[in-house]
2 protein chains.
Amino acid sequence: MFETIQAMAEPTRLAILKMVRRREMPAGAIAEKFKGITRPAVSQHLRVLKDAGLVTERREGTRRLYSLRPEGFGPLKSMLEDFWDSKLERLKAAAEKQRKRKP
Amino acid sequence: MFETIQAMAEPTRLAILKMVRRREMPAGAIAEKFKGITRPAVSQHLRVLKDAGLVTERREGTRRLYSLRPEGFGPLKSMLEDFWDSKLERLKAAAEKQRKRKP
DNA sequence: ACTATATGTTAGTTTATACTAACGTAAGTG
DNA sequence: CACTTACGTTAGTATAAACTAACATATAGT
């Protein structure tokens with residue numbers, strides 16, 4: 001799950017994830033969207049994302065089509081929900097304190 | 001929101017977030033939990049987390065108590081839900097394809 | 001078989017990030 | 001006021017991550 005966070009923690013990679021969210025895209029088309037960044041660099045980022053299980057690769061002839069792999073975000077998502085829930089827990093704890101003060 | 005991800009993308013910092021999830025903890029107690037990592041290093045990590053809005057600092061005498069700030073995870077959380085939803089969107093798209101094939 | 005297209009891989013370098021050591025600060029204690 | 005406790009801050013260094021340039025591979029077309 002930490003691998004997930006690390007994979008997302010890079011501007012280019014996060015941008016790629018948003019790009020392939022709806023439609024699958026060939027590596028070349030992804031690379032073209034970035035200026036000031038070479039194609040090999042993008043290719044390396046794609047590998048990181050793939051290794052982290054955040055995208056899938058499908059080969060079609062000479063091209064490789066990438067698309068988002070939502071399941072890959074599952075563990076991180078539930079950790080975040082856990083963090084989020086502590087908001088409610090605090091409210092409950094605060095209410096408890098109040099109740100004790102004025103019994 | 002990218003700041004959020006970056007802040008989480010370091011093992012020590014992620015561990016800190018889990019530590020202060022339920023109860024607030026003084027900086028010293030947090031630092032003690034890590035071996036092979038100096039107190040100043042932990043202090044720096046705490047600052048990164050605070051700047052990212054993921055923890056809050058409360059001073060009590062000479063001590064500084066840190067606790068999780070769940071709201072800080074909001075934007076990332078919704079982005080992740082967005083990613084997650086694309087799972088359903090794909091299922092829908094696939095169903096649509098099926099429907100067309102056998103009208 | 002040869003050439004073009006689309007892409008990945010590797011070694012080496014640059015750049016960003018984390019760490020350490022030394023110092024600074026602010027509140028409490030005698 | 002001197003001393004201690006509990007921290008934070010900074011400058012410099014070490015480490016990890018990303019980038020580039022050159023090379024490799026695999027498919028498709030002629």
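In what follows, chains carry the letters A, B, and so on, assigned in the order in which the sequence lines appear, proteins first and then strands, with residues in each chain numbered from 1.
Rounded to whole Å, the distance from CG on Leu46(A) to C1' on dT9(C) is 14 Å. In this structure, CZ of Arg63(A) is placed 12 Å from P of dG8(C), rounded to the nearest angstrom. Leu65(A) places its CG atom 19 Å from the P atom of dT5(C), with the value rounded to the nearest Å. Between the CD atom of Glu57(A) and the P atom of dT7(C) there is a distance of 10 Å, rounded to whole Å. Residue Glu3(B) contributes atom CD, which lies 17 Å from atom P of dA16(C) at whole-angstrom precision.
Note: Asp82(A) CG to Leu68(B) CG = 10.0 Å, rounded to the nearest 0.5 Å. To the nearest 0.5 angstrom, Glu81(B) atom CD is 10.0 Å from Leu76(B) atom CG. Separating the CD1 atom in Ile37(B) from the CZ atom in Arg39(B) is a distance of 13.0 Å, to the nearest 0.5 Å. Here OG1 of Thr56(B) is found 11.0 Å from CG of Leu49(B). Values are rounded to the nearest 0.5 Å.
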Listing, residues 2-15 of chain B side-chain donor-acceptor contacts under 3.5 Å, not counting sequence neighbours, or none:
unit_1: Thr4(B); atom_1: OG1; unit_2: Met1(B); atom_2: O; d: 3.4
unit_1: Glu10(B); atom_1: OE1; unit_2: Thr12(B); atom_2: N; d: 2.9
unit_1: Glu10(B); atom_1: OE1; unit_2: Arg13(B); atom_2: N; d: 3.0
unit_1: Arg13(B); atom_1: NE; unit_2: Ala7(B); atom_2: O; d: 2.7
unit_1: Arg13(B); atom_1: NH1; unit_2: His45(B); atom_2: ND1; d: 3.1
unit_1: Arg13(B); atom_1: NH2; unit_2: Gln6(B); atom_2: O; d: 3.3

Check: residues 23-32 of chain B side-chain donor-acceptor pairs under 3.5 Å, at least two apart:
unit_1: Glu24(B); atom_1: OE1; unit_2: Arg58(B); atom_2: NE; d: 3.3
unit_1: Glu24(B); atom_1: OE2; unit_2: Arg58(B); atom_2: NH2; d: 2.4

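Minimum heavy-atom separation, Ser86(A) to Arg21(B): CB-NH1, 3.1 Å. Shortest non-hydrogen contact noted between Trp84(A) and Lys77(B) is CG-CE, 3.7 Å.
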For nucleotides 20-29 of chain C, give me every protein contact, N/O to N/O, under 3.5 Å, one pair per line with atom names.
unit_1: dT20(C); atom_1: OP2; unit_2: Thr38(B); atom_2: N; d: 3.4
unit_1: dT20(C); atom_1: OP2; unit_2: Thr38(B); atom_2: OG1; d: 3.0
unit_1: dT20(C); atom_1: O4; unit_2: Gln44(B); atom_2: NE2; d: 3.2

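Cluster membership for Met19(B) and Val48(B), using ILVMFWY side-chain heavy atoms within less than 4.5 angstrom, is not shared. Both Phe34(A) and Leu46(A) are members of a single hydrophobic cluster when ILVMFWY side chains are connected at heavy-atom separations under 4.5 Å.
Taking a heavy-atom distance under 4.0 Å as the criterion, the stretch of DNA chain D touched by chain A extends 5' to 3' from dA17(D) to dA28(D).
Pairs engaging residues 46-74 of chain B under the ring pair (Phe, Tyr, Trp, His ring centres under 6.0 Å) rule: Phe83(A)-Phe73(B) [sequence neighbours left out].
DNA chain C is contacted by no residue of residues 6-22 of chain A, taking any non-hydrogen atom closer than 4.0 Å.
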